[in-house]
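Everything on this sheet refers to the single structure shown next.
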Amino acid sequence: QVQLVESGGGLVQPGGSLRLSCAASKNIFSGRAMAWHRQAPGKQREFVAIVTDGGNTNYADSVKGRFTISRDNAKNMVYLEMNSLKPEDTAVYYCNAWGRTDWGQGTQVTVSS
């Protein structure tokens, strides 16, 4: 069974912070890179950040220096720490196992004053 459950979204003011969490089923998490993506209204889903099984990371230029992706291999969890949030970060955020097409329901992040 494949399961991806995102949580932690909400409404935050510009400059604020949020921490997103993703619980993944072990059969798609173990040994695989995990990524966060986002989709803003009227736009295509876009890559945000990725973390390999060994902890190496990469980020979209738009979030570099503000977002931090991490994982807990013992708990099959992926996290996205978001700081200095901007209105243009508003989107539904999804996690997925890199190379797979399974998606969770996403978590809404709204940055607005």
Side-chain angles (χ1 to χ4, degrees):
Q1 182 180 1
V2 174
Q3 189 173 26
L4 291 161
V5 181
E6 301 93 342
S7 62
L11 173 63
V12 63
Q13 292 186 342
S17 299
L18 281 175
R19 188 191 193 213
L20 306 184
S21 299
C22 171
S25 51
K26 185 175 182 180
N27 59 334
I28 62 169
F29 182 91
S30 296
R32 189 180 290 270
M34 298 294 294
W36 285 95
H37 306 258
R38 66 186 181 186
Q39 187 167 18
K43 295 187 177 181
Q44 290 189 334
R45 191 173 296 176
E46 65 175 2
F47 167 80
V48 174
I50 187 170
V51 58
T52 68
D53 183 52
N56 294 318
T57 60
N58 197 16
Y59 299 89
D61 287 343
S62 59
V63 307
K64 203 170 290 184
R66 299 188 298 122
F67 291 11
T68 302
I69 188 172
S70 61
R71 64 191 289 160
D72 185 332
N73 289 340
K75 297 181 179 179
N76 301 333
M77 295 289 294
V78 187
Y79 305 100
L80 187 68
E81 185 76 34
M82 305 186 296
N83 298 313
S84 302
L85 282 162
K86 305 175 181 180
E88 51 263 43
D89 294 318
T90 295
V92 179
Y93 284 71
Y94 302 88
C95 70
N96 90 318
W98 194 253
R100 294 184 62 101
T101 56
D102 313 282
W103 298 96
Q105 84 289 348
T107 186
Q108 175 71 48
V109 172
T110 303
V111 185
S112 175
S113 55

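Just so you know, residue 1 is the first one in the sequence shown, and it goes up from there.
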Quiz prompt | Trace of the side-chain contact (heavy atoms from CB on, under 4.5 Å) decision for Asn73 with Asp53 | solution = CA-CA 8 Å; Asn73 289 340; Asp53 183 52; 3.6 Å; yes
Exercise. Would you check, one step at a time, whether the test side-chain contact (heavy atoms from CB on, under 4.5 Å) holds for Glu88 with Thr90?
Key: CA-CA 5 Å; Glu88 51 263 43; Thr90 295; over 6 Å; no
Quiz item: Do Val78 and Phe29 pass the side-chain contact (heavy atoms from CB on, under 4.5 Å) test, and can you show the C-alpha distance, the side-chain angles, and the key distance before you say yes or no?
Solution: CA-CA 9 Å; Val78 187; Phe29 182 91; 3.6 Å; yes
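By the side-chain contact (heavy atoms from CB on, under 4.5 Å) test, Asp72 pairs with Ala74, Lys75, Met77, Tyr79, sequence neighbours left out. Taking the side-chain hydrogen bond (donor to acceptor under 3.5 Å, both in side chains) definition, one finds that Asn58 meets it with nothing, sequence neighbours left out. Residues satisfying the side-chain contact (heavy atoms from CB on, under 4.5 Å) test with Thr57, not counting sequence neighbours, are Val51, Tyr59, Ile69. The side-chain contact (heavy atoms from CB on, under 4.5 Å) search around Arg66 returns Val63, Ser84, Lys86, Asp89, not counting sequence neighbours. Checked against salt bridge (charged side-chain N to carboxylate O under 4.0 Å, His left out), Lys64 has the following partners two or more places apart in sequence or in another chain: Asp61. For Val109, the side-chain contact (heavy atoms from CB on, under 4.5 Å) criterion is met by Leu18, Leu20, Met82, Tyr93, Val111, not counting sequence neighbours.
Put simply, the side chain of Gln105 does not reach to within 4.5 Å of the side chain of Tyr94, judged on heavy atoms.
Summarising the geometry, atom CG belonging to Leu80 is positioned 8.5 Å from atom OG belonging to Ser70; distances are rounded to the nearest 0.5 Å. In this structure, OG in Ser112 is found 12.0 Å from CG in Leu85, a value given to the nearest 0.5 Å. Rounding to the nearest 0.5 Å places CE of Met34 at 12.0 Å from OG1 of Thr52.
In this structure, Pro14 and Ser113 approach most closely via the heavy-atom pair CD-N, 3.7 Å.
Other members of the cluster containing Phe47 are Ile50, Trp98, with ILVMFWY side chains joined at under 4.5 Å, either directly or via other members.
A disulfide bond (SG atoms under 2.5 Å apart) check over residues 3-113, counting only residues at least two apart or in different chains, returns the pairs Cys22-Cys95. Under the side-chain hydrogen bond (donor to acceptor under 3.5 Å, both in side chains) criterion, the residue pairs touching residues 3-22 are Ser17-Asn83, with sequence neighbours excluded. A disulfide bond (SG atoms under 2.5 Å apart) check over residues 35-91, counting only residues at least two apart or in different chains, returns nothing. Identified under the salt bridge (charged side-chain N to carboxylate O under 4.0 Å, His left out) test for residues 99-113, with sequence neighbours left out: Arg100-Asp102. Residues in residues 39-49 take part in these side-chain hydrogen bond (donor to acceptor under 3.5 Å, both in side chains) pairs, two or more places apart or across chains: Arg38-Glu46.
Two different hydrophobic clusters hold Ile28 and Trp103 under the rule that ILVMFWY side chains link at heavy-atom gaps under 4.5 Å. Residues Trp36 and Val12 are members of one and the same hydrophobic cluster, defined by side-chain heavy-atom contacts under 4.5 angstrom among Ile, Leu, Val, Met, Phe, Trp and Tyr.
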